Structure formats: C-alpha cells, structure tokens
Amino acid sequence: MAEKDLFSGFRIKNAHLKNRIGLAPMTRTSSVKDSVPRRDVLDFLVRRAQNGVGLVFTEAVLTDYESAQGYPRQSRMVTQRQIEAWKPVVRAIREAGSTAVMQMFHCGRVAWPEINPAGRIIAPSPVAPKQENPLTGEPFPVPDEISRFDIDPAHPAENR
C-alpha cells in the first residue's frame, strides 16, 4: 500500500476514519475492581488516538455477566458504573478525531466457571475442549449448550 493510501481517510458505513491505521484489540486482563479497566489502560487507548491512530479497538470486553469470562480481571460493559468508566475514554478518542470500537468478547467453551458469577459456561455445543485450562491445569468442564433464552437480549442476566 502506498504511503498516501495509509494516511488517507475513508468511510465505513456511517463512520469516517481519518486514516487506515488501527490499534488491534487486545485481551489485557487489566480490571482490578468491578470489571472496570485500570486508568493507565484507558489512558493508553486515548493516547493512541491522540497520536494519530484512526481506529481504536478496546481491549476484550465481556458480553455478559454470568458466562463470558475466561480469565481473571477481564473488562465488562454491562453495569452503569462500567459504562460510565468507558464514556470519557470514547469521548476523548472521538475528540482526537479517531473512531472507537468495542471488541465484544465471550470465551465460550474455554470460559472458567470458577470466575463466572453464575458458575456457568455456555457454548454452541456441549463439547469440552481437549486441552486443559492453562490457568488451573485442570480439564475444562462440558459447557451448557447455548439456548435461545441465553442469547435473547430481552432476557438480561439480572432477570434470570
């Protein structure tokens, strides 16, 4: 790709990107309390935008409260406190002329039931991974097969 192409802006649907440089999503496991990332991690994302990155992906943000987590200290965006922590970050990324994108993350069959609040793992099918959990050294349990109820947004985890 020619240099002029790398630094030229373009449009994806309703988003205008100032260039073709992006910060890849990462699983930082940086949340220390209430699944909100540490301040230095949020500041890191803003600095990338301020230094010219056109597209800034968040770190991996869990998709639900009860079954998505696979590692300790992962971020969520499901409570008001978590949403409020991300708002100034997204605002600052936009003020820098960049676009913020949340990487939605669910560990599926390699989630860790001991750290999921419901002690539950869901996956497309009830098949356990062949490898052991690298964090515990134990075999992964057989996950529950995901149901329509599990994915229906009209049934948030808090109401189950």
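Values reported hereafter were calculated over all heavy atoms of this structure, with side chains retained and with hydrogens, waters and symmetry mates removed. Because the structure is a prediction, the values reported are computed rather than measured.
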Next item on the list: Kindly work out whether a path of hydrophobic side-chain contacts (I/L/V/M/F/W/Y, heavy atoms less than 4.5 Å apart) joins Val78 to Val32.
Entry: no
Next item on the list: Check Ala123 against Gly108 and note the closest heavy-atom contact, atom names and distance.
Entry: CB-C, 4.3 Å
Item checked: Verify same cluster id: Val61, Met26 (apolar side-chain graph, 4.5 Å) -> yes
Note to self: Side chains of Ser30 and Glu59: any donor to acceptor distance under 3.5 Å?
What the structure shows: yes
Check: Run the salt bridge (charged side-chain N to carboxylate O under 4.0 Å, His left out) check on Asp43 and Arg47 step by step: do they pass?
Finding: CA-CA 6 Å; Asp43 291 344; Arg47 278 195 313 278; 5.1 Å; no
Checklist line | Point-to-point distance, once rounded to the nearest 0.5 Å, from NZ of Lys87 to CD of Gln82 | finding: 13.0 Å
Notebook entry, point to check: When Ile, Leu, Val, Met, Phe, Trp and Tyr are grouped by side-chain heavy atoms lying under 4.5 Å apart, directly or through other members, which residues fall in the same group as Leu55?
Noted result: Phe10, Ile12, Leu17, Phe57, Val101
Check: In terms of hydrophobic clusters joined by side-chain contacts under 4.5 Å, are Val127 and Ile146 together?
Finding: no
Notebook entry, point to check: So, the side chain of Glu84 versus the backbone of Arg81: is there a donor-acceptor pair under 3.5 Å, distance only?
Noted result: no
Note to self: What I'd like to find out is whether the side chain of Arg109 reaches to under 4.5 Å of the side chain of Phe140, using heavy atoms alone.
What the structure shows: no
Notebook entry, point to check: Does any donor atom in the side chain of Asp5 or Ser8 lie under 3.5 Å from an acceptor atom in the other side chain?
Noted result: no
Next item on the list: For the residue pair Ser75 and Ser31, confirm or rule out a side-chain donor-acceptor distance under 3.5 Å.
Entry: yes
Notebook entry, point to check: Would you say the side-chain atoms of Ser98 pair up with the backbone N or O of Val53, donor to acceptor, closer than 3.5 Å?
Noted result: yes
Check: Any side-chain heavy-atom pair from Gln74 and Cys107 closer than 4.5 angstrom?
Finding: yes
Check: Do Leu62 and Tyr71 have side chains that get closer than 4.5 Å, going by heavy atoms?
Finding: no
Next item on the list: Could you tell me whether the side chain of Trp86 reaches within less than 4.5 Å of the side chain of Pro37, counting heavy atoms only?
Entry: yes
Notebook entry, point to check: Hey, any chance Ile21 and Phe44 share a hydrophobic cluster, counting ILVMFWY side chains that come within less than 4.5 Å of each other, even indirectly?
Noted result: yes
Checklist line | Arg120 and Asp150: CA distance, side-chain angles, deciding distance, salt bridge (charged side-chain N to carboxylate O under 4.0 Å, His left out) verdict | finding: CA-CA 12 Å; Arg120 184 170 184 241; Asp150 292 319; 3.0 Å; yes
Check: If only atom types and distance count, is the side chain of Asn116 paired as donor or acceptor with the main-chain N or O of Gln69 below 3.5 Å?
Finding: yes
Item checked: Asn19 (side chain) donor-acceptor with Gly54 (main chain) under 3.5 angstrom -> yes
Notebook entry, point to check: How far apart are the C-alpha atoms of Met77 and Met102, what are their side-chain angles, what is the distance that settles it, and do they pass the side chain to side chain contact (heavy atoms under 4.5 Å, CB included) test?
Noted result: CA-CA 10 Å; Met77 204 177 312; Met102 180 177 81; 3.4 Å; yes
Note to self: Within the 4.5 Å heavy-atom criterion, are Pro72 and Ile115 side-chain neighbours or not?
What the structure shows: yes
Check: With distance as the sole criterion, is a donor-acceptor pair present between the side chains of Thr99 and His16 under 3.5 Å?
Finding: no
Check: If you group Ile, Leu, Val, Met, Phe, Trp and Tyr by side-chain heavy-atom gaps below 4.5 Å, do Val56 and Leu6 land in one group?
Finding: yes
Checklist line | Pro124 side chain reached by Glu145 side chain, heavy atoms, under 4.5 Å | finding: no
Next item on the list: Check whether any side-chain heavy atom of Leu23 sits under 4.5 Å from a side-chain heavy atom of Leu45, and report yes or no.
Entry: yes
Checklist line | Minimum heavy-atom distance between Gln103 and Pro25, given as atom pair plus value | finding: OE1-CB, 3.1 Å
Item checked: Any side-chain heavy-atom pair of Asp64 and His106 under 4.5 Å -> yes
Margin query: Would you compute the distance between atom CZ of Arg20 and atom CZ of Phe7 and round it to the nearest 0.5 angstrom?
Written below: 12.0 Å
